[in-house]
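Below is one structure, written out as structure tokens, with a few remarks after it.
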Amino acid sequence: SEVHVASTGNHAAAAALASMLLGLEPTVYMPRNAVQAKVENADQYGAHIRFTSSLEGAVKAAREAGQHSRATFIHPYDQLSVIAGQGSATVRLLKQLGAYGIDPAHASVTYPVGGGGNASGNAVAGAVLLPDMQVRTAYAEGFNPAVDGAAGKDLGAYANEILKSPHLVQNTQGVSL
């Protein structure tokens, strides 16, 4: 069986690993400007990688290929099971804050944005679990595939603020503070 995935990187590697463990054949559609280390991560798990001009193009190509071959299509952010999985990081973060005696209700969290899926899932989880928690998303200036695209539009509904800064840097793992 086949799996078609659209991603800017981390989602691609996770889907490729899960596919490999389940004996499935993953094809990953990524924008040409994806971070090389993330492309290599997906490749090492056996993904067949196809490049597109943008994340939106990757989503469209993966969806169409999945429909054509009757394969499973996994959206990078607009799928409830994906959002729930990504939001689990916020659940763990809130538990860890409590373990250190920090009141999570007063937390301010900034999620780095690559493709937008991870930040979207975690922003939703934060908004649902602690509606007063300050949620921000950030990306390096000049590296904004999600915030200008479909995932960024979804993020705006849950993030209190989207930061664009020349002080953030893109490294081989994506965006770091």
Side-chain angles (χ1 to χ4, degrees), residues 1-96 109 111-129 137 139 143-155 157-158 170-176:
S1 293
E2 298 176 37
V3 175
H4 292 269
V5 178
S7 174
T8 59
N10 291 333
H11 178 67
L17 174 60
S19 296
M20 180 183 72
L21 294 172
L22 295 171
L24 304 173
E25 187 174 323
T27 301
V28 174
Y29 297 81
M30 302 177 84
R32 283 184 194 88
N33 68 343
V35 175
Q36 186 60 35
K38 293 182 178 190
V39 173
E40 291 169 4
N41 284 342
D43 182 62
Q44 82 177 9
Y45 294 123
H48 303 286
I49 299 171
R50 308 283 182 262
F51 291 103
T52 63
S53 61
S54 65
L55 177 59
E56 288 173 328
V59 169
K60 182 180 178 189
R63 179 180 282 124
E64 289 174 358
Q67 288 172 343
H68 180 71
S69 65
R70 297 186 183 195
T72 299
F73 165 64
I74 303 174
H75 199 286
Y77 56 86
D78 193 13
Q79 190 169 323
L80 289 179
S81 58
V82 172
I83 292 169
Q86 294 158 337
S88 66
T90 291
V91 173
R92 289 191 307 271
L93 171 68
L94 296 177
K95 285 181 181 179
Q96 288 176 358
V109 181
Y111 297 106
V113 179
N118 188 42
S120 294
N122 282 293
V124 169
V128 169
L129 295 171
T137 57
Y139 64 94
F143 181 77
N144 55 354
V147 176
D148 290 339
K153 293 174 188 143
D154 292 344
L155 275 174
Y158 298 100
Q170 177 186 349
N171 66 21
T172 58
Q173 296 302 312
V175 179
S176 65

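Along the sequence shown, the residues carry numbers beginning at 1. A quick note: this is a predicted structure, and the numbers were derived from the prediction, not measured.
Scanning all heavy atoms of the two residues, the minimum distance from Val28 to Ala12 falls at CG1-CB, 3.3 Å. Shortest non-hydrogen contact noted between Ala42 and Ala16 is O-CB, 3.8 Å. Closest heavy-atom contact between Val3 and Ala71: N-CB, 4.4 Å. Contact between Gly87 and Ala125 at its shortest, heavy atoms only, is O-CB, 3.6 Å.
A heavy-atom distance below 4.5 Å is found between the side chains of Ser53 and Arg32. A heavy-atom distance below 4.5 Å is found between the side chains of Leu94 and Leu129. Side-chain contact check for Pro76 versus Val82: every heavy-atom pair is 4.5 Å or farther apart.
Atoms CG and CE, from Asp43 and Met30 in turn, are 10.0 Å apart once rounded to the nearest 0.5 Å. Distance check, rounded to the nearest 0.5 Å: CG of Asn41 to OG of Ser7 gives 10.5 Å. Rounded to the nearest 0.5 Å, atoms CG (Leu93) and CG (Asn122) are 8.5 Å apart.
Listed by first and then second residue, the ring pair (Phe, Tyr, Trp, His ring centres under 6.0 Å) pairs that reach into residues 37-73 are Phe73-His75, sequence neighbours excluded. Pairs passing the ring pair (Phe, Tyr, Trp, His ring centres under 6.0 Å) check and including a residue from residues 6-36, sequence neighbours excluded, read His4-Tyr29.
Here the side chain of Asn33 pairs no donor or acceptor atom with the backbone of Ser54 at under 3.5 angstrom.
Judged as a side-chain contact (heavy atoms from CB on, under 4.5 Å), and not counting sequence neighbours, Arg70 has no contacts.
Taking a 6.0 Å sphere around CG of Leu21, one finds it holds more than 12 heavy atoms contributed by other residues, nucleotides or ligands.
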